[in-house]
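Reading through the structure tokens given below for one structure.
Letters A, B, ... mirror the listed sequences (proteins, then strands); counts begin at 1. FYI, side chains are in, hydrogens and waters are out, and symmetry mates aren't considered; it's all heavy atoms of this structure. Quick caveat, the model's predicted, so the values are computed rather than measured.
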There are 2 protein chains.
Amino acid sequence: MKARVHVTLKSGVLDPQGKAIGHALHSLGFAGVRDVRQGKVIELDLEESDPNKARAAIEAMCGKLLANPVIENYTIELA
Amino acid sequence: MKARVHVTLKSGVLDPQGKAIGHALHSLGFAGVRDVRQGKVIELDLEESDPNKARAAIEAMCGKLLANPVIENYTIELA
């Protein structure tokens with residue numbers, strides 16, 4: 001089963017990478033860009049075929065490795 | 001208008017970061033992980049409110065800055 005995890009910084013957390021992209025877009029002439037945030041997307045291919053078990057396993061992976069719950073949010077999409 | 005751009009490596013392109021995550025997950029005891037790929041997600045907040053114009057602007061941003069079309073694919077989601 002395939003899954004996709006989005007890891008994004010929480011809204012109050014400064015995102016220098018996003019700011020850099022925003023500045024670069026302004027320099028390139030894209031004036032209508034208000035704000036940019038950058039996150040990660042992790043695509044997993046799991047042997048598990050039960051959606052509930054897969055989701056539980058991915059929650060555990062996020063807590064242990066994929067996301068830093070202090071500053072990051074994550075969302076799990078199963079495909 | 002808010003938009004989200006996913007930038008992922010094309011399927012034939014080696015993804016060392018994804019491989020590293022996969023190895024780390026195996027070391028942590030998640031044996032059922034077959035493959036991991038890591039990509040970027042870029043969240044944009046644009047002044048443009050017309051979806052077609054916003055999409056065209058984001059296509060231009062992807063071509064000029066956000067993605068490397070030689071090795072990366074991108075998908076645009078408007079919210």
Give the minimum heavy-atom separation between B/Leu78 and B/Pro51, together with the two atoms involved. CD1-O, 3.4 Å

Distance check, rounded to the nearest 0.5 Å: A/Leu44 atom CG versus B/Phe30 atom CZ? 10.5 Å

Side-chain heavy atoms under 4.5 Å apart, restricted to Ile/Leu/Val/Met/Phe/Trp/Tyr: what other residues fall into the cluster of A/Val41, or is it alone? none

Measure the CG-CD1 distance between A/Leu66 and A/Ile58 for me, rounded to the nearest 0.5 Å. 9.0 Å

Structural part of A/Ala60 lying under 4.5 Å from a heavy atom of chain B: both

Donor-acceptor pairs under 3.5 Å, chain B versus chain A:
residue: B/His6; atom: NE2; partner: A/His6; partner atom: NE2; Å: 2.5
residue: B/Gly32; atom: O; partner: A/Glu47; partner atom: N; Å: 2.7
residue: B/Arg34; atom: N; partner: A/Asp45; partner atom: O; Å: 2.6
residue: B/Arg34; atom: NH1; partner: A/Asp45; partner atom: OD1; Å: 3.2
residue: B/Asp35; atom: N; partner: A/Asp45; partner atom: O; Å: 3.3
residue: B/Asp35; atom: O; partner: A/Asp45; partner atom: N; Å: 2.8
residue: B/Arg37; atom: N; partner: A/Glu43; partner atom: O; Å: 2.9
residue: B/Arg37; atom: O; partner: A/Glu43; partner atom: N; Å: 2.7
residue: B/Gly39; atom: N; partner: A/Val41; partner atom: O; Å: 2.7
residue: B/Gly39; atom: O; partner: A/Val41; partner atom: N; Å: 3.0
residue: B/Val41; atom: N; partner: A/Gly39; partner atom: O; Å: 3.0
residue: B/Val41; atom: O; partner: A/Gly39; partner atom: N; Å: 2.7
residue: B/Glu43; atom: N; partner: A/Arg37; partner atom: O; Å: 2.8
residue: B/Glu43; atom: O; partner: A/Arg37; partner atom: N; Å: 2.9
residue: B/Asp45; atom: N; partner: A/Asp35; partner atom: O; Å: 2.8
residue: B/Asp45; atom: O; partner: A/Arg34; partner atom: N; Å: 2.6
residue: B/Asp45; atom: O; partner: A/Asp35; partner atom: N; Å: 3.3
residue: B/Asp45; atom: OD1; partner: A/Arg34; partner atom: NH1; Å: 3.2
residue: B/Glu47; atom: N; partner: A/Gly32; partner atom: O; Å: 2.7

A/Met61 and side-chain contact (heavy atoms from CB on, under 4.5 Å): which partner among A/Val5, A/Ile42, A/Leu46, A/Ile76? A/Leu46

Smallest separation among heavy atoms of B/Ala67 and B/Pro69, with atom names: O-CD, 3.3 Å

